[in-house]
Each structure stands twice: as C-alpha cells, then as structure tokens.
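Keep in mind that this is a model prediction, so the values were computed, not measured. Naming: A, B, ... by sequence-line order, numbering from 1 per chain.
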Number of protein chains: 2
Amino acid sequence: MTYASNGLSGHASQPRARASINDVAVHAGVSAQTVSRVANGQTNVRPTTRDKVLASMQALGYRPNSAARNLKSGRFRSIGFVTFNLATLGNERTLNAVAEASEAAGYTTTLLPVIDPTQLDVAGAFGRLEEQAVDGIILVMSSEVGSLDELGITAGLPLVIVDSDANLPYTIVDTDQEQGAKIALQHLLDLGHRDIVHISGPADSFSSRRRADAYRQTMADANLPARPVLVGDWRAASGLALARELFAAENPPTAVFASNDQMALGVMHAIHERGWTVPGDISVVGFDDTEEAEVYWPALTTVHQNFDQVGRHATTLLLSLIDGEPNTKEKILITTRLVVRDSTGPVRPA
Amino acid sequence: MTYASNGLSGHASQPRARASINDVAVHAGVSAQTVSRVANGQTNVRPTTRDKVLASMQALGYRPNSAARNLKSGRFRSIGFVTFNLATLGNERTLNAVAEASEAAGYTTTLLPVIDPTQLDVAGAFGRLEEQAVDGIILVMSSEVGSLDELGITAGLPLVIVDSDANLPYTIVDTDQEQGAKIALQHLLDLGHRDIVHISGPADSFSSRRRADAYRQTMADANLPARPVLVGDWRAASGLALARELFAAENPPTAVFASNDQMALGVMHAIHERGWTVPGDISVVGFDDTEEAEVYWPALTTVHQNFDQVGRHATTLLLSLIDGEPNTKEKILITTRLVVRDSTGPVRPA
DNA sequence: CTGAAAGCGCTAACAC
DNA sequence: GTGTTAGCGCTTTCAG
C-alpha cells in the first residue's frame, strides 16, 4: 500500500514532511478523491464527510501540492517578468503594476533570472527561460541585448515585450517616448527657448534613444540647431556632472531637457551651485514624473509617464495570450502628459 | 501505448501543445530515460545517441516541464517574497537584493499575492501562502498586520522576516533602526542643536516607530525636551506639508530629522520657499541614503541604510533553512552609517 | 454522494 | 550505455 507513505508519522529527524492528499484520506477514512473534492470546494460531498475531511486536513496541516496541480493542469498560474536591470525606477514601477494586475487575475509573478546579456549565446540545447514554471513572459528589454532568437524566447511561451525597439514582430506595450519628448520640447519652445540642450540616458537604452531622436527631430522641425546630446546614465549624479561641464563652457543654454527626473535634479543642483536660478536663468524639464518631482526645488516640470498603465496593459495582453487568444502582435503606445510646475519659465532676455 | 499521446501531432486548433520527453524519445527512437539523461547533461550516453536525441529535442522544440520536475524533486527552486506594499523604496531595494541573491543560488523569486491584511481572517481551511510553488518565504512585514498565525504562515515553510517587530520568534533580518536614528541625532546634537523636530513615517510602520522611539530616547538621554513627533506617510509631499505647518508656527526648530530622504526633501523645499537656507537657518537629516540624496539641494546628510545587505542576508538565511539547517531563529541587525553632506551645520546663533 | 483507476512528465532505482 | 518499472500528488473519468 502506498498510502501514508511519506514519513508523515514524523520523527523529529524528518521535519519537513508534508501531508499528502492520501495521508488525509487515510486519516479521514475516505478516498483521496473525496479529499480532493473538499479541497476544491466542490458541492457534491455530504456535510458530515466534508467536516471529517476538513478536520483531518487541519490535524495534518494539509496543504495541496501545487507542483502536482501544475503537472495535472499544465498551467502554473504564474507569469514571468524578465529584466536585465531591475534597479531602475521605470522597471520597478512596471513590475509593480504587473504584480498587482496578475495578482488580481489570480496569477503570481515570477522574477526570472536576469541573464547576463553577453552570455546569451552559450545557451544550451534549449533556452533557460521557457523551462521556468510560468505560463507566459513579460520581457522588459530596456536596451539592445542581441537578437531575441538568441534569447531562445521565441519558441513556445506567450510573450509581451515592454520598452523595446517597436519594430519587433511581437506584442509590444510601451510609453510613447516620441510624443512625450515632443510635448516637453514644445513647451520649452512655446516659452521662447531657442537654445535647448538634451541630456539623454545611456546610449543603449531604447527609450533614451527615442527621446533623443525626438529632440533632434523637434529642433530640426523648428529650424533650430540642436546641440550635441549629452549622454548620462539615468542617475542624478550623471546629470549633475554633465551640467557642471556644460555650464562651465562658453554659452549655457536657456533650457535643459533631461531624459529623466533624476538627471533633471542634477541639472538643477548645478544651476543652484552657480548661484543661478531655475527657471529665471535656465529652465529645466524632466521625464517620468516621479513621486518626488513635485517636491524638488523648484517643483519640476516633467513628462508624466504612466508605468502603471504600461504594466497593466502588458499583463492583460499576456493573460489573453495565455488564454489562447490569437496573437495579433498588437503594438500599444501609452500616451504621456506634460505636468507643468515651477522649473520652466519664459526665456531670459538676451 | 501512452507515448506521443499529447496531441503534438498538432492541428492548428491545438496550438500550444508542448513536446514531452516521450515525444522526443519516440522521435529519436530511444527511451525516455535516455532523453532525460541527455537533458540533464549526464555523461553516460554514447555521443551518437546524444546527438540523435539533441536533434530530436531541437526538431520538436522540447523543453523540460518544470512542474513534473518539481513534483519529482519536491522542490521548486523558488523563494517567495511577500510584501503588503511593494511601492516603497526600501521594499523594492530589498526585493532587488533578494532577487539577485536567489538568482545566484539558482533560485527564482516569486512575488506572492499581496494579501489585503484586513481580509486575513477569511482564509479558508488552509493558508493561501503555503500552497504556492515556493520552497520558503521572505516576509517583509513593514507594519502591523495582525498575528502571524492568522497569516497561516507558521505551519510548514521556512520563513525569514524582514522589517518587523524584532520580538517575533522567527529568523529576522533588519536594519538597526535605533542605531541609525541615534547617530543622526547625535550628529545634530554635536553640532549644537537643542531644538530638533522629528518627522516620522506612518504610525503603523515598525521601522518608523523604532526611529521615533529612538528620537524620544536620545532627546531624553540628552536632557532635552522632545517635540511632538510629526507623522508623515513617507512621501515627499507629506514632509513638505508638515514642514510648512511647522514653520508657520511660533518657534521653528533649528534642525529637523526626517524618517526618510523623501520627507527630508519636502522639509528642505519648505525651508527654501520661506527664503531660509539649509543649513544656515535649519539643518536637515534624512534616512535611507537614496541614490538622489547626494544631489538634492543642498546635498542631504542622511543615514545610509544597507538594503542590499538586508536582502542578501535574508536570502542566505532562508536558503540554509531550506537546505534543512536547524532554525536558530537568529536575529540579524544590519548597522547603518551616517553620511554627512551639506544639509547640516552648526546651530545658528540664538 | 463516493470510490477506483489511470495518467500528467519526469527521474531514481534497478535491470540487462 | 540503455531500457524498464514505478511513483511523486493530484484530478479527470467512469463506476457504482
């Protein structure tokens, strides 16, 4: 007899033995099937029997084994979240939204190993990703990481991509970077600024690149010369360092458009320490609208990026893919909005 | 015969059928066992056979099913991360460290549904948590959520708790809040400040409470009157609002100790908007040492909290518990250090 | 309303 | 080197 065989009788030396459905069945004097029915809240069980089973579950500390359930159902009720860099604000906020949305749908969110992009090609006979216990993957690309095929991701699992090159033949959800950069720049232009410097994120970042492109494009469209883009690394310190250099040179611009709020903070710091004022001497615009932006000194004018919506959309899309909906390779672009605060003002008289 | 039975033959209407080990075995003309050996990189397979199998795996897009593996091994190679609030800096940084540490150990990190604390008692016959596909749990408590028993967490899974009431009979890793608050206050005291206001986090936060207690204690020890603690909500805006009120009243203090950097940012904003200076008129100290703190205006003096270490320690401890080490219910307190920057200075002459 | 049988995909143990 | 058998814990199917 194979029942009650997992050592539950439990010596102290065998601490972690977990009661199986059979243990409960034996304990309650019913069949495993009946225990299963009770565990799943099915109605066709006589109340007396149910109570007996419930008592046994209680007594044995029974908890269903999800591996067995997964094996049976072929589903894990979990979605995988892959990033190559969890430590950025946008990615964390996106993860947040994904975790909440998937929780609401009864799914769990699994953080998949952040593969070193340079090591992708050593992947073995099959990709590591898809053997994970997830039903689908949300991939936050952030930056160039070699082809997706190399990632070994394409084969089986439903996939939604966030923050990427929008030309990929996959379902994609993203912030409309171009639109965001344009409204920021237009605001500056409307204020009379003609000499605007852009501080970008790292060169390999998709979103940074698209904002920088929009900068060049917008300036060109306005028949204005674009200054060389200053390349930062998203961190406030890089904004500060770059701005210091910039302000030490001949002609400081009348406005700076930073590719995120943190670098904008650095720019304002550099302005303050020169004894200049924001926006009196120089206007500053950020990107993201972090929670702190409105409390910066002065309150930062910035582009509000809706990470929650990106995460929610990505999750919804992925869930529908998991449910077998046909993959329409939709591309969803979430619109941003400009939040005007105190860091921008009319250009200073020449 | 049960082989090749999972519909892999695949009509378009049966899209997501995945090749099983048996499908590969049939395709390659070997036994499932041999496929298993190849998949697991065992050496005792003739190269010709191995290649044949590899080719079949390739052809069928085979990927091992982790549910089956989990069922077999009784392990999930995943650790669960539970928070009631993912959206705070500390929790995200901790999650980060946990994800990295567990990845390094070959584990995946699963974000467990953030249960609504108020709904805990409606839990069914068994806790939801422990049926999850994880081998252990890192619980970030953050605030009072009713007894852990109610959480249904105690029964089976290895557990490490972060950010909690340190009296719990569990393995606990935490920042030494008291030590942190004390060095911040001592710094202010050394600078000659006697009238120091503390802005705390929300009342139900463990870490906030402990910092506030340390504030009262330190002031008492120095024979100085403590002002009533101003209760914020961690967000910069709350620091700003509270500081505005404070400065509108009769006697502004000469220094403010905020329970996190964001609220300190709010305090500095309130000082600037009155036309006062930091630290000339009022000194400000924060807590956390966020990445931006050094770029605030002025650069913020703050208590550096090592979230990475907290997360790493918690993970290491949990992993050893999972490996069956005896539970010594260790309590690890991570020491903080004061980072002195430009927001603190000698008290202004009376 | 309850039970028995079979099998999800994989691997450990044991043949040969 | 390779195959066979059995069983992880659960649920679906079919009998009673």
Polar side chain donor-acceptor pair, [X] to [Y], under 3.5 angstrom:
X         : Y         : result
Asp23(B)  : Ser20(B)  : yes
Thr108(B) : Thr110(A) : no
Thr315(B) : Ser102(B) : no

Is Asn44(A) touching bases, backbone alone, or none of the nucleic acid, heavy atoms closer than 4.0 Å? base
Pick base, sugar-phosphate or nothing for Asn70(A), based on heavy-atom distances below 4.0 Å to the nucleic acid. nothing
Interatomic distance, [X] [atom1] vs [N] [atom2] [rounded to whole Å]:
X        : N       : atom1 : atom2 : result
Asp23(B) : dC10(C) : CG    : C1'   : 13 Å
Arg63(B) : dC10(C) : CZ    : C1'   : 16 Å
Asn22(A) : dA6(C)  : CG    : C1'   : 14 Å

Does OP1 or OP2 of dT11(D) have a side-chain N or O of Ser73(A) closer than 4.0 Å? no
In terms of the nearest nucleotide of DNA chain D, which residue is placed more toward the 5' end: Leu71(B) or Thr34(B)? Thr34(B)
Ignoring hydrogens and angles, tell me if any N or O in the side chain of Arg75(B) forms a donor-acceptor pair with the backbone of Arg69(B) under 3.5 Å. no
List every contact pair, protein side and nucleotides 12-16 of chain C side both N or O, where the distance is under 3.5 Å.
residue, atom, partner, partner atom, Å
dA12(C), N6, Gln33(B), NE2, 2.6

At how many degrees, to 10°, do the end axes of the helix from dC1(C)-dG16(D) to dC16(C)-dG1(D) meet when each uses five pairs? 40°
